[in-house]
Structure formats: C-alpha cells, structure tokens
Amino acid sequence: METKQIKAYGTTSSTHALREMMIERRNVQAHDVEFEILYRGICH
C-alpha cells in the first residue's frame, strides 16, 4: 500500500502545545471519501 507524507497539526500529550508535524497517510482508495478543508478552528 502506497503512503505519502502530509503536514498536520497535533500533540503527543494533553500538556503539550499543538505543533506542526509530518504524518504518513495511505493514498485514497475507491471506498474512501476525500474532501478539501478550507477553514479550521480549535475550541475548548
């Protein structure tokens, strides 16, 4: 299965701040849904 590196935001602990990171994702397959996120927000 082919994968690719993508930019994501995350954290490794509830006590750490969010940070930019690269994660590995598999390519979209026929049974997946792909959509573009235009806006994002993080709330409490």
Side-chain angles (χ1 to χ4, degrees):
M1 183 176 306
E2 291 186 39
T3 61
K4 60 184 172 182
Q5 291 277 322
I6 63 165
K7 181 171 65 172
Y9 291 89
T11 184
T12 56
S13 168
S14 62
T15 59
H16 290 103
L18 287 177
R19 63 179 178 86
E20 186 177 304
M21 58 177 62
M22 297 299 288
I23 62 172
E24 192 152 324
R25 297 289 312 249
R26 67 172 169 77
N27 290 335
V28 178
Q29 298 177 353
H31 62 277
D32 293 332
V33 176
E34 181 179 28
F35 56 93
E36 181 179 5
I37 298 173
L38 301 176
Y39 303 96
R40 62 176 166 72
I42 301 173
C43 21
H44 57 288

*Would you mind listing every salt bridge (Lys or Arg N to Asp or Glu O under 4.0 Å) that reaches into residues 2-16, with sequence neighbours excluded?*
none
*With sequence neighbours excluded, tell me which residues meet side-chain hydrogen bond (donor to acceptor under 3.5 Å, both in side chains) with E24.*
T3, Q5
*Is M22 isolated, or which residues cluster with it under the ILVMFWY side-chain rule of less than 4.5 Å, directly or via members?*
none
*Residues in side chain to side chain contact (heavy atoms under 4.5 Å, CB included) with T12, at least two apart?*
H16, R19
_Whichever hydrophobic residues join L38 through chains of side-chain contacts under 4.5 Å_ = Y39
*All pairs passing side-chain hydrogen bond (donor to acceptor under 3.5 Å, both in side chains) where residues 27-36 contributes a residue, at least two apart*: R26-D32
*In the hydrophobic clustering that connects Ile, Leu, Val, Met, Phe, Trp and Tyr at side-chain heavy-atom distances below 4.5 Å, which members other than F35 occupy its cluster, ordered by chain and number?*
V33, I37
*Could you tell me which non-hydrogen atom of T11 sits nearest to which non-hydrogen atom of A17, and how far apart they are?*
OG1-O, 3.5 Å
*Shared hydrophobic cluster for I6 and M21 (ILVMFWY, side-chain gaps under 4.5 Å)*: yes
